[in-house]
Amino acid sequence: MHTIRDKNKLLARVRRIQGQAQALERLLSEESDCVEILQQIAAIRGAVNGLMGAVIEGHLVDHLVNEAEQENREAELAPVLHVIKAYLK
């Protein structure tokens with residue numbers, strides 16, 4: 001499974017996001033400049049998008065592209081499309 005195989009990379013991304021969120025909290029607590037706060041929010045959004053992209057890519061490859069059984073591919077498609085649509089709202 002891709003999340004197990006890529007576990008260390010994914011966890012590293014999550015830890016970076018946590019660090020960015022802590023930095024944002026610090027900026028807000030210190031009443032920092034609005035531009036700095038906006039830049040930090042943009043960085044967090046980019047990091048979350050990157051994480052989502054990596055997990056989606058792994059899922060699509062492992063569960064759709066490399067899946068031999070058509071029935072299994074079809075079963076995997078609907079849930080991932082639902083999550084992607086919810087994410088893009």
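Residue numbers run from 1 in the order of the sequence given.
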Please confirm whether the backbone N or O of Gln20 pairs with a side-chain atom of Gln40, one donor and one acceptor, at under 3.5 Å? yes
Heavy-atom closest pair (Ala54 atom, Leu10 atom, distance to 0.1 Å) is CB-CD2, 4.2 Å
Rounded to the nearest 0.5 Å, the CD1 atom of Ile84 sits from the NE2 atom of His82 at a distance of 11.5 Å
- Item | Crowding at CZ, Arg73 (>12 non-hydrogen neighbours, <6.0 Å) | yes
message = For Glu25, is there any backbone N or O sitting under 3.5 Å from a side-chain donor or acceptor partner on Ser29?
response = yes
Enclosure of Glu36 CD (heavy-atom neighbours >12, cutoff 6.0 Å):
yes
Query - Side-chain donor-acceptor pair present, Gln70, Glu74, cut-off under 3.5 Å - result: yes
| Are Val48 and Val14 joined in one hydrophobic group, where the rule is that I, L, V, M, F, W and Y side chains link up if heavy atoms are under 4.5 Å apart? | yes
Value for CD1 (Ile37) from CG (Leu24), rounded to nearest 0.5 Å, stands at 7.0 Å
Check your understanding: How about Arg5 and Asp62: do any of their side-chain heavy atoms sit closer than 4.5 Å?
Key -> yes
Applying side-chain contact (heavy atoms from CB on, under 4.5 Å) to Arg13 and Arg16, what does each step give before you reach the verdict? CA-CA 5 Å; Arg13 284 178 178 262; Arg16 274 195 299 274; 3.3 Å; yes
When rounded to the nearest 0.5 Å, the distance separating CG of Asn49 from CD1 of Ile44 is 12.0 Å
request  = Could you walk me through whether Gln39 and Asp33 pass side-chain contact (heavy atoms from CB on, under 4.5 Å), step by step?
outcome  = CA-CA 10 Å; Gln39 286 173 331; Asp33 181 66; over 6 Å; no
Value for OG (Ser32) from CG (Leu38), rounded to nearest 0.5 Å, stands at 11.5 Å
Between Ile17 and Ala47 the two heavy atoms that sit nearest each other are CG1-CB, 3.5 Å
Transitive ILVMFWY side-chain link Leu88 to Val83, under 4.5 Å
yes
Applying a strict under-4.5 Å side-chain criterion to I, L, V, M, F, W and Y, I'd like to know whether Val55 and Leu64 cluster together. yes
Distance col, row Glu76:CD vs Leu81:CG, nearest 0.5 angstrom, shows 11.0 Å
